[in-house]
2 protein chains.
Amino acid sequence: MTAPERPRRADARRNVEGIRRAALDVFRASGLTTPLDEVARAAGVSKGTIYHRFGSRRGLIDAIVDELVAERIQGIIAAVGELADPLARFEEYLLRMWLLQYDEPAVNDVLIRALPDSEPLLSLCERAQRFALGLLRDAQRAGVVRNDLTADDLAWLILERGAIVQACAQQTREDYQRRLRFLLDGLRDNH
Amino acid sequence: MTAPERPRRADARRNVEGIRRAALDVFRASGLTTPLDEVARAAGVSKGTIYHRFGSRRGLIDAIVDELVAERIQGIIAAVGELADPLARFEEYLLRMWLLQYDEPAVNDVLIRALPDSEPLLSLCERAQRFALGLLRDAQRAGVVRNDLTADDLAWLILERGAIVQACAQQTREDYQRRLRFLLDGLRDNH
DNA sequence: TAACTTCTTGACCATGGAGTCAACTTACTC
DNA sequence: GAGTAAGTTGACTCCATGGTCAAGAAGTTA
């Protein structure tokens, strides 16, 4: 029922794309709470343009969150899907998620609380959560992961890691990863 | 060489004490970053008085940090000192520190980074760290804690927990504690 | 190229917190 | 019960950030 719209002007199209790319860069580097002025500067436009095109900070984030996060998480799900051993699948999933959180701190802004109702992201999180639940169940059936670990625990373990990465950015990737091992070992079933 | 100072006026003494108490309450409840206006309101004075008496937010924090944190940590050291079994000592120390962090979120503001050069606190942290190092070494000698765990790791595990508590305040104490068990189990030596 | 519409700009407003200070109040001293 | 020094106040400045909008710039069309 909507009238056929005239295509956007060339400069508008150019700017939208430029803002998207700038936002990806800036948000990746400094998180989703970076002032929009910085995004504007990086894109070579004024702040007003961002608001005009995307409505709000939130609108901008919604517009790029997919490219920022979704692909990486889908990549993890795919990679883990290739593995056969239940324990390896379970541990590899967690490990890769945790490392993603280290490598792309913006992921944590997304996971922790910023976007309660971003539709595409929400469904992705649900998918990831279902996937994780499957991994957990298989690993527990195989007797390699402790039985008192719940799906909620799993979600928390990932959220927690986000908080850690944000607050303790100084640790090297090596140390970070080595310490993840402690936790993974604690999740195994070794009576 | 300083001239003998006249004692402070009664209202000043009263206010200093009132501000201290109010700051303890407010900071305990809402963390060290709470606006000073709230402390002022709780103390029944104006913000200016706080600045006049304590110089800055930092000065106020320095003035109460001991009562806010030091006693609790000393209590933990003392309590753990009573125990005999190396594993119990090691785990009880961590567990109590972690629970303290849950029960008193202000502790985390202190630990994480707020006060690089608060003298009494610094020495306390060193004392706690030395104490923890002893626990770790004993536990490792007894073969009950994994050998690749370092003193730095220990410090990090505590800092990390601070970040978690701040970011994920919604979890119940029960869940929080249950999840601590996962990590503790991962620190044991079970080849 | 002129008219028209879309788009962009940057100055502007609002919010909230840190910290300051001149004017006012109050406790102490004699 | 003055007089005076010490103490308190709250309105003020400053700064950072989110978000808005009237005026002007620029692409599009005929």
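Proteins come first, then strands; the chains are lettered A, B, ... in the order of their sequence lines, and each starts at number 1.
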Distance, nearest 0.5 Å, that separates [atom1] of [X] from [atom2] of [Y]:
{"X": "A/I50", "Y": "A/L36", "atom1": "CD1", "atom2": "CG", "result": "5.5 Å"}
{"X": "B/N15", "Y": "B/R9", "atom1": "CG", "atom2": "CZ", "result": "10.0 Å"}
{"X": "A/I158", "Y": "A/R161", "atom1": "CD1", "atom2": "CZ", "result": "10.5 Å"}
{"X": "B/W156", "Y": "B/T150", "atom1": "CH2", "atom2": "OG1", "result": "11.5 Å"}

B/I73 and B/F131: side chain to side chain contact (heavy atoms under 4.5 Å, CB included), yes or no, with the steps?
CA-CA 11 Å; B/I73 294 181; B/F131 181 73; over 6 Å; no

Does A/L184 share a hydrophobic cluster with B/L180, counting links as ILVMFWY side-chain heavy atoms below 4.5 Å and allowing steps through other members?
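Same cluster: A/L184 reaches B/L180 through Ile, Leu, Val, Met, Phe, Trp or Tyr contacts under 4.5 Å.
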
Separation of [N] [atom2] from [X] [atom1] (nearest whole Å):
{"X": "B/L60", "N": "C/dA18", "atom1": "CG", "atom2": "P", "value": "11 Å"}
{"X": "A/F54", "N": "D/dT20", "atom1": "CZ", "atom2": "P", "value": "16 Å"}
{"X": "A/L36", "N": "D/dG19", "atom1": "CG", "atom2": "C1'", "value": "9 Å"}
{"X": "A/D37", "N": "C/dG10", "atom1": "CG", "atom2": "C1'", "value": "11 Å"}
{"X": "A/R58", "N": "D/dG19", "atom1": "CZ", "atom2": "P", "value": "11 Å"}

Partners of B/D152 by salt bridge (Lys or Arg N to Asp or Glu O under 4.0 Å), sequence neighbours excluded?
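Per chain and number, B/D152 pairs via salt bridge (Lys or Arg N to Asp or Glu O under 4.0 Å) with no residue.
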
B/R179: salt bridge (Lys or Arg N to Asp or Glu O under 4.0 Å) partners, not counting sequence neighbours
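Residues passing salt bridge (Lys or Arg N to Asp or Glu O under 4.0 Å) with B/R179: A/D153.
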
Looking just at side-chain N and O atoms, do B/D109 and B/Q166 make a donor-acceptor pair shorter than 3.5 Å?
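Their side chains do contain a donor-acceptor pair, which is all the 3.5 Å distance test asks for.
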
Please tabulate, one pair per line, each protein N/O and nucleotide N/O from nucleotides 24-27 of chain C that are separated by under 3.5 Å, including the distance.
unit_1: C/dT26; atom_1: O2; unit_2: B/R9; atom_2: NH1; d: 2.8
unit_1: C/dT26; atom_1: O2; unit_2: B/R9; atom_2: NH2; d: 3.2

ILVMFWY cluster membership beyond B/I164 - transitive side-chain contacts under 4.5 angstrom:
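For the cluster that includes B/I164, the remaining residues are A/I164.
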
Verify, without hydrogens or angle tests, whether B/T49 (side chain) and B/V45 (backbone) share a donor-acceptor contact under 3.5 angstrom.
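No, because the side chain of B/T49 does not come within donor-acceptor range (under 3.5 Å) of the backbone of B/V45.
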
With a 4.0 Å limit, can you tell me whether A/R53 has a side-chain N or O closer than that to the phosphate oxygens OP1/OP2 of C/dT8?
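Answer yes for this pair, as a side-chain N or O of A/R53 is under 4.0 Å from OP1 or OP2.
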
Answer yes or no: does a side-chain N or O of B/R57 lie under 4.0 Å from OP1 or OP2 of C/dG19?
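Checking B/R57 against C/dG19: no side-chain N or O falls below 4.0 Å of OP1 or OP2.
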
Under 4.0 Å, heavy atom to any atom of DNA chain C: which of residues 44-52 of chain A qualify?
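Only A/V45, A/S46, A/G48, A/T49, A/H52 qualify.
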
Check each residue of residues 15-27 of chain B for a non-hydrogen atom within less than 4.0 Å of any atom in DNA chain C, then write out the ones that pass by number, or none.
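Here the set is empty: none.
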
Would you mind telling me which residue lines up with the more 5' stretch of DNA chain C, B/G55 or A/A12, judged by nearest nucleotide?
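Its nearest nucleotide being more 5', the pick is A/A12.
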
